[in-house]
Enquirer: 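Below is one structure. I have some questions about it.
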Number of protein chains: 2
Amino acid sequence: MAPADTLSRTFAALADPTRRAMLARLARGPASVGELAEPFDMSFAAVSKHLRVLEGARLVTRGRDAQYRPAMLNARPLQDASAWLGDYRVFWTESFDALGVLLDDLTEAGPDDLRPDDKKET
Amino acid sequence: MAPADTLSRTFAALADPTRRAMLARLARGPASVGELAEPFDMSFAAVSKHLRVLEGARLVTRGRDAQYRPAMLNARPLQDASAWLGDYRVFWTESFDALGVLLDDLTEAGPDDLRPDDKKET
DNA sequence: TCAGTTCAGAACCGATCGGTTGAATAAAGA
DNA sequence: TCTTTATTCAACCGATCGGTTCTGAACTGA
């Protein structure tokens, strides 16, 4: 029912401010559902659902401590996401402006020029 | 209708393999919708919609060249996303294993121990 | 002017999402 | 055993998502 690839699930899990806040909380140490729910005007069940999304993305692992089911951060998927983004790092450093010039050229050129190969190195 | 914060929109836009593939294509230079659609078994309209999502996340900007509306990568939001992930970098380096030990402790401790402070430095 | 190409807009569809409520489960403690 | 606490499950809701098809607009070129 959720055949999405790992990276998609990671990004999808991060695409919600509530879940990001929960991760931020977990960065300070494990927490129970109640603790995680505390800052939010939201039912426990809703928090539990968010937690299950994070779990599905392997971003948190759960334990068991009496009635509590403490959640703990697992940053591995964040590393993978960061690595993916890293491939684009070059675009917000040197070549960024060069690429802008590229589009300017393009908007008054023909479609044959749509792929002008990388002239990044200048 | 889409009051989501910037980071959420960025991650949401990245949470789809089709859109990530489109960004990868755009990393090699601007492209028309037709060019972007070519690798996918999908209607132009669908690709156009994906493009609009990327546009909404400020990940691509559009130009105009005759009938063509070339799309071009804008990596700025990727930089912001990368910066957000960067805050967690520490969790997949030194302290990662220490944190694992932490949870082991926790699963047989009381909820009062749920926040055991960082013992990252071995 | 007319036809062809490229693209976007609108309406629609089933599936998923983020939330609710209310009942069920699991463990602790009296 | 019975109650309390912590959490999940199940059903439901409206909104959004990813895709379709059909229609129309923008632009080129004969």
Side-chain angles (χ1 to χ4, degrees), chain A residues 1-5 8-22 30-57 60-72 106-114, chain B residues 1-5 8-22 30-57 60-72 106-114:
Chain A
M1 279 291 175
D5 60 294
S8 294
R9 268 213 281 257
T10 302
F11 282 131
L14 296 179
D16 185 290
T18 301
R19 286 193 291 263
R20 288 199 305 276
M22 290 168 66
S32 68
V33 175
E35 282 182 282
L36 286 171
E38 198 264 335
F40 304 108
D41 187 18
M42 198 182 301
S43 69
F44 274 39
V47 172
S48 192
K49 275 190 175 187
H50 279 303
L51 215 37
R52 212 153 57 91
V53 172
L54 292 171
E55 225 178 330
V60 313
T61 54
R62 310 292 301 273
R64 164 65 84 177
D65 172 27
Q67 306 100 309
Y68 304 86
R69 304 278 314 274
M72 172 196 170
L106 167 105
T107 48
E108 42 202 35
D112 288 342
D113 295 339
L114 279 181
Chain B
M1 280 291 176
D5 59 293
S8 294
R9 266 213 282 257
T10 302
F11 282 131
L14 296 179
D16 184 290
T18 302
R19 287 194 290 263
R20 288 199 305 276
M22 290 169 65
S32 67
V33 175
E35 282 182 283
L36 286 171
E38 198 264 335
F40 305 108
D41 187 19
M42 199 183 297
S43 69
F44 273 40
V47 172
S48 195
K49 274 191 174 186
H50 279 303
L51 214 38
R52 214 154 56 90
V53 172
L54 291 171
E55 225 179 328
V60 313
T61 54
R62 310 292 301 272
R64 166 63 86 176
D65 173 27
Q67 307 100 309
Y68 304 86
R69 303 278 314 275
M72 171 195 170
L106 167 104
T107 48
E108 42 203 36
D112 288 342
D113 296 340
L114 278 180

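Below, each value reflects all heavy atoms present in this structure, side chains not excepted, and no hydrogens, waters or symmetry copies. In what follows, chains are A, B, ... by sequence order, proteins preceding strands, each numbered from 1. Note that the structure is a prediction, hence the values are computed from the model and not measured.
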Enquirer: State, without any angle test, whether A/Arg20 and B/Ser8 hold a side-chain donor-acceptor pair at a distance under 3.5 Å.
Expert: yes
Enquirer: Could you tell me how far apart A/Phe44 (CZ) and C/dA26 (C1') are, to the nearest whole angstrom?
Expert: 16 Å
Enquirer: Can you give me the closest heavy-atom contact between A/Tyr68 and A/Ser32, atom names plus distance?
Expert: CD2-CB, 3.8 Å
Enquirer: Go through C/dA8, D/dA26, D/dT21 for me and flag the one nearest to the B/Arg64 side chain.
Expert: D/dA26
Enquirer: What nucleotide among C/dG9, D/dC9, D/dA6 has an atom nearest to a side-chain atom of B/Ala45?
Expert: C/dG9
Enquirer: Can you check the B/Arg52 CZ to D/dG18 P distance for me, whole Å?
Expert: 12 Å
Enquirer: Counting heavy atoms from C-beta on, name the nucleotide in D/dA26, D/dG18, C/dA27 closest to the side chain of B/Asp16.
Expert: D/dG18
Enquirer: Should B/Arg62 be listed as having a side-chain N or O under 4.0 Å from OP1 or OP2 of C/dA8?
Expert: yes
Enquirer: Picking from C/dA8, C/dT20, D/dT7, which would you name as closest to the side chain of B/Arg69?
Expert: C/dA8
Enquirer: For A/Leu51, which of A/Arg62, A/Arg69, A/Arg19 qualifies under side-chain contact (heavy atoms from CB on, under 4.5 Å)?
Expert: A/Arg62
Enquirer: Using the side-chain contact (heavy atoms from CB on, under 4.5 Å) rule, pick out the option among B/Leu54, B/Thr18, B/Val60, B/Val47 that qualifies with B/Leu36.
Expert: B/Val47
Enquirer: Assign each of A/Ser43 and A/Gln67 to its nearest nucleotide of DNA chain C by heavy atoms, then name whichever residue's nucleotide is nearer the 5' end.
Expert: A/Ser43
Enquirer: Check whether any side-chain nitrogen or oxygen of B/Ser48 sits under 4.0 Å from OP1 or OP2 of C/dA8, and answer yes or no.
Expert: yes
Enquirer: Go through D/dC27, D/dT20, C/dT20 for me and flag the one nearest to the B/Ala66 side chain.
Expert: D/dC27
